[in-house]
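First the structure, in the form of structure tokens, and then the observations on it.
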Amino acid sequence: MNTSAASNKDVILQQVAAVPAGQISSYGAIAKAAGLPGYARYVGHVLKSLPKDTRLPWHRILNAQKKISFPPASLAFKEQKRRLEEEGLTILNDKVV
DNA sequence: CAGGGGGCTAAGG
DNA sequence: GCCTTAGCCCCCT
């Protein structure tokens with residue numbers, strides 16, 4: 001798929017961007033798919049570092065419990081929830097189904 | 001080099 | 001449902 005010149009961060013972002021609309025994934029799954037098993041936290045750290053105008057579907061990335069790991073008072077929480085709903089998903093008590 | 005923390009995960013109490 | 005323990009890893013002091 002592409003050369004090995006990609007850094008861990010790039011690979012992760014690539015996997016995140018590879019997630020189809022209406023489909024969700026977990027940090028561990030992304031890390032694993034990126035060939036970095038155990039980098040779950042690193043994935044979160046990277047996504048969190050993304051710019052507000054990022055085009056990466058970071059909102060499709062949830063934790064292993066399929067729940068939004070943000071506090072309900074966080075803007076990211078509402079934003080992610082809203083985007084997921086826009087993609088046809090449903091959120092029940094911070095949980096994505 | 002040591003210490004603390006983080007959109008994590010799984011198992012236990 | 002919540003918190004703790006333990007594991008994995010990276011980044012900043």
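These figures come from a predicted structure and were not determined experimentally. Convention: sequence-line order gives letters A, B, ...; per-chain numbering from 1.
Mapping A:R41 and A:H45 onto DNA chain C by nearest heavy atom places A:R41 closer to the 5' end of the strand.
Distance check, rounded to the nearest 0.5 Å: CD of A:Q80 to CG of A:L89 gives 10.5 Å. With rounding to the nearest 0.5 angstrom, the CD atom of A:Q65 is 11.0 Å from the OG atom of A:S26. The CG atom of A:N8 sits 12.0 Å away from the CD atom of A:Q14 when rounded to the nearest 0.5 Å. Rounding to the nearest 0.5 Å gives a distance of 14.0 Å between NE2 of A:H59 and NZ of A:K81. Between the NZ atom of A:K95 and the CG atom of A:N63 there is a distance of 11.0 Å, given to the nearest 0.5 Å. Taken to the nearest 0.5 Å, the CD atom of A:E79 stands 11.5 Å off from the NZ atom of A:K52.
A 6.0 Å sphere centred on CG of A:D53 holds more than 12 heavy atoms belonging to other residues, nucleotides or ligands.
Against DNA chain B, the stretch residues 67-93 of chain A makes heavy-atom approaches under 4.0 Å through A:S69, A:F70.
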Pair assignment for DNA chain C - dot-bracket with | for other-strand partners, Watson-Crick or G-U under 3.5 Å: .||||||.|||||
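Under the 4.5 Å side-chain heavy-atom criterion for Ile, Leu, Val, Met, Phe, Trp and Tyr, A:V11 and A:Y42 are members of distinct hydrophobic clusters.
Taking all atoms of both residues into account, the shortest heavy-atom contact from A:V19 to A:S25 is CG2-CB, 4.3 Å. Heavy atoms only, all atoms of each residue included: A:F70 and A:W58 are closest at CE1-CZ3, 3.8 Å.
Between chain A and DNA chain C, the heavy-atom contact criterion of under 4.0 Å yields a 5' to 3' nucleotide range of C:dG7 to C:dC11.
With rounding to whole Å, A:Y39 atom OH is found 16 Å from B:dT9 atom P. Whole-Å rounding puts the A:Q65 CD to B:dA10 P distance at 9 Å.
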